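Read the structure below first, then the notes.
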Amino acid sequence: MLVGATIKGRHQLWELRDSLQELAQLARSAGADVLGTVSQQLPHLTPRYVGQGKVEEIKTRLEELKCSVAIFDDELTPTQQRNLEEELQVKVIDRTALILDIFSRRARTQEGRLQVELAQHQYLLPRLVGQWSHLERLGGGIGTRGPGETQLETDRRIITRRISKLKERLEEVRTRRQQHRERRKETGVPVVAMVGYTNAGKSTLFNALTQAGVEAEDRPFSTLDPTTRRVVLPDGRPILLSDTVGFINKLPATVVTAFRATLEELEEARLLLHVVDISHRNAAEQAQVVDKTLAGLHLAEMPRLLVFNKLDLLMSSPPASANDLVVEGFQPRGDPPVAVSAVRGWGLQQLLDAIGSELDSERAPVKVASAPASH
């Protein structure tokens, strides 16, 4: 059962139904069967995420549909999660836990697994309270400590030590990456990094440009570990093209922090290719999520080239120019975007030419502003 809520009057990047559709895609990607959806608009936040009446409705529907898990569209506080599990009597997880579960399935390299484990432990630590509350009643009295509290403190120590160890190992990874970047700088070959919303087709485009054979599937977060390959531009200049993890709406801060070593690859890039799935109904909103995430990483001023991908899902043949595209909700500033189809191979030569032109200049980043649009 999927559950989502909005606060009346609060600015939302996109409609709740679109956010829940994305949550359903994430849930299916994690192996769940989505049997139902419940949503509510609230005047303010509540201790249970939704109102008490809605909790009763959710409980009834869970029983009717025989659901064993309720997935909430936002990150729940430990208290909210505990209250909901007590009332609903099923496993309750939030969007953050779901994303971390998908990440754990996708991680292939040792670095990827370390980053996911760190994020999982950082998420779990504040949620330990209450896990052993059923034991606390066994002890008591002034100056005594119940076995529940003892177990809680033991778990906290174990997880805290593990977090410290993981950070140390990732710091070693970070140092090695920095050494690799320094060697790259010595060669003088510029780095071009691909960024974009998850499932925008970055890996497919990366493969089309490099023949790298990176795993590319029609599912969220098919790529977690960054891959870099050498590409020769039409004018004969070599570049290093990097494919990185995709972003998503409501990306947890713990995930961004854990993937710091990977995301630092973006800081060394001379140019970012912002890949957008132009066929998606929320393409403009997804582009804004990427812009916001990059700003949070202090990369808002990085030179950027906007790339409209999946053009084949909109038309049967490529347009003469991306300027011929009228895309609802987009107001690109700066140089015009490049329109491509990574699957069909459309526009790849124009993209390589545009990369060369961008590297020759010191231009401001391409930003995307949202225009009012009705879906």
Side-chain angles (χ1 to χ4, degrees), residues 1 3 23 26-27 30-32 45-49 55 58-59 62 67-174 221 224 250-262:
M1 181 72 65
V3 183
L23 186 68
L26 290 169
L45 293 172
T46 74
R48 292 171 179 79
Y49 182 77
V55 171
I58 295 169
K59 186 174 182 179
L62 285 167
C67 295
S68 57
V69 182
I71 305 177
F72 287 72
D73 193 35
D74 294 278
E75 182 167 337
L76 300 173
T77 67
T79 300
Q80 286 176 327
Q81 185 173 1
R82 195 158 58 248
N83 289 342
L84 286 165
E85 286 192 333
E86 287 177 358
E87 297 203 40
L88 299 178
Q89 294 298 301
V90 298
K91 183 178 180 63
V92 170
I93 65 174
D94 56 20
R95 177 181 272 250
T96 300
L98 181 60
I99 290 174
L100 290 175
D101 181 82
I102 295 171
F103 273 26
S104 67
R105 295 165 185 258
R106 301 284 191 268
R108 296 288 182 266
T109 65
Q110 182 187 24
E111 177 189 351
R113 294 189 184 101
L114 288 173
Q115 291 175 134
V116 173
E117 187 181 351
L118 175 60
Q120 288 175 322
H121 280 84
Q122 289 174 327
Y123 172 82
L124 176 62
L125 186 59
R127 288 165 172 77
L128 286 176
V129 178
Q131 297 294 319
W132 301 94
S133 58
H134 62 290
L135 296 176
E136 290 174 0
R137 291 188 295 271
L138 301 178
I142 297 174
T144 65
R145 185 172 295 178
E149 185 177 355
T150 302
Q151 182 63 60
L152 177 60
E153 292 184 350
T154 300
D155 286 355
R156 276 179 174 156
R157 282 196 299 271
I158 291 172
I159 291 181
T160 300
R161 282 199 299 267
R162 184 60 182 164
I163 287 174
S164 297
K165 187 65 176 177
L166 289 167
K167 285 182 175 179
E168 288 176 9
R169 295 176 66 182
L170 282 171
E171 191 62 33
E172 295 172 2
V173 171
R174 188 179 175 219
F221 304 116
L224 281 187
K250 304 176 184 177
L251 187 67
T254 51
V255 174
V256 175
T257 301
F259 278 73
R260 183 181 61 152
T262 295

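Not measured: the values here are computed from a predicted model. Start at 1 with the first residue, then count along the sequence.
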Problem - More than 12 heavy atoms of other groups within 6.0 Å of Lys250 NZ - result: yes
Nearest-0.5 Å distance that lies between atom [atom1] in [X] and atom [atom2] in [Y]:
X      : Y      : atom1 : atom2 : answer
Asp101 : Leu26  : CG    : CG    : 10.5 Å
Leu76  : Asp94  : CG    : CG    : 4.5 Å
Leu88  : Ile58  : CG    : CD1   : 6.0 Å
Ile158 : Ile163 : CD1   : CD1   : 12.0 Å
Leu170 : Glu111 : CG    : CD    : 7.0 Å
Glu86  : Arg82  : CD    : CZ    : 7.5 Å

Considering all heavy atoms, the nearest [X]-[Y] contact:
X      : Y      : result
Arg127 : Pro78  : CG-CG, 3.8 Å
Leu100 : Ala119 : CD2-CB, 3.5 Å
Ser104 : Gln120 : CB-NE2, 3.6 Å
Ala27  : Ile71  : CB-CD1, 3.9 Å
Ala30  : Leu98  : CB-CD1, 3.7 Å
Arg48  : Leu84  : O-CD2, 3.4 Å

Problem - Main-chain N/O of Asp73 paired to Arg95 side chain as donor or acceptor, under 3.5 Å - result: yes
Exercise for the section: Would you sort out whether Lys167 and Glu171 count as a side chain to side chain contact (heavy atoms under 4.5 Å, CB included), showing the intermediate values? Expected result: CA-CA 6 Å; Lys167 285 182 175 179; Glu171 191 62 33; over 6 Å; no
Handout entry: Partner set under salt bridge (Lys or Arg N to Asp or Glu O under 4.0 Å) for Arg162, not counting sequence neighbours
Key =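 Checked Arg162 against salt bridge (Lys or Arg N to Asp or Glu O under 4.0 Å); matches are Glu117.
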Handout entry: Residue pairs passing the ring pair (Phe, Tyr, Trp, His ring centres under 6.0 Å) test where at least one lies in residues 71-94, sequence neighbours excluded
Key = Tyr49-Phe72
Handout entry: Sequence-distant partners of Gln110, side chain to side chain contact (heavy atoms under 4.5 Å, CB included), two or more places apart
Key =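 Leu114, Arg169.
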